[in-house]
Amino acid sequence: MTATITVRVEGPVGLDEPEELRADLARETVLPWRLEELDEDRDTLDGGTAAALLTAVLTSATGAVVQAAAQRAIDAWRGRRLDPPPVTVVVLRPGETIAPPDGTGAGAGAGDEGEGDRPALPEGS
């Protein structure tokens, strides 16, 4: 069985910071990660980016181990910043989808523990 793990970084980051996180994730998880800087018309004044997605494909039963390794890499990356941006980790198995946050509260939020259709794990403040 395969799954996709996606790390979303939101907030102003420097030009090299998404690539540094990609390298940290690759080193920690031993998986190839794809970096996609989102074009959301929110680029920063210094030329940095305001949001980035990093994605890797998981195979077999290594998902929990890779997720823990990814979290270690994210924690280390955020720890090197004075004001780290919010980071969200999402693991999707085949056939699962995740609705973007729309503020309606449907299926979103910390109170949805135990529901298998929202595997988002926010990492933040």
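Throughout, residue positions are numbered sequentially from 1 according to the sequence presented. As the structure is a computational prediction, the values presented were derived from the model and not from experiment.
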- Message: Checking the side chain of Arg78 only, and the main-chain atoms of Pro85 only, is there a donor and an acceptor separated by less than 3.5 Å?
- Response: yes
- Query: How far apart are the C-alpha atoms of Thr4 and Val91, what are their side-chain angles, what is the distance that settles it, and do they pass the side-chain contact (heavy atoms from CB on, under 4.5 Å) test?
  - Reply: CA-CA 6 Å; Thr4 303; Val91 178; over 6 Å; no
- By side-chain contact (heavy atoms from CB on, under 4.5 Å), which residues pair with Glu17, not counting sequence neighbours? Val13, Glu20, Trp77, Arg81
- Shortest non-hydrogen pair, Leu21 vs Val7, comes out as CD2-CG1, 4.3 Å
- Who passes side-chain contact (heavy atoms from CB on, under 4.5 Å) against Ala26, sequence neighbours left out? Arg22, Trp33
- Looking only at non-hydrogen atoms, find the nearest pair between Ala70 and Ile5 and report the distance. CB-CD1, 4.1 Å
- Note on the structure: Interatomic distance, CG@Asp75 vs CZ@Arg80, rounded to 0.5 Å, equals 11.0 Å
- Message: Working note: Leu35 + Glu19, criterion side-chain contact (heavy atoms from CB on, under 4.5 Å); need CA distance, chi angles, decisive distance, verdict.
- Response: CA-CA 7 Å; Leu35 171 62; Glu19 178 57 34; 3.9 Å; yes
- Taken to the nearest 0.5 Å, the spacing of Leu25 CG from Arg34 CZ works out to 13.5 Å
- Between Glu36 and Thr55, does a side-chain contact (heavy atoms from CB on, under 4.5 Å) hold up when you go through it step by step? CA-CA 8 Å; Glu36 178 183 344; Thr55 306; 5.8 Å; no
- What's the verdict on side-chain contact (heavy atoms from CB on, under 4.5 Å) for Leu54 and Thr6, showing C-alpha distance, side-chain angles and the deciding distance? CA-CA 6 Å; Leu54 297 108; Thr6 302; over 6 Å; no
- Item | Under the side-chain contact (heavy atoms from CB on, under 4.5 Å) test, residues paired with Arg27 that sit two or more places apart | Asp24
- Note on the structure: Between Ala56 and Pro32, the two heavy atoms sitting closest are CB-O, 3.5 Å
- Heavy-atom closest contact (Glu28 atom, Ala73 atom, distance): CB-CB, 3.9 Å
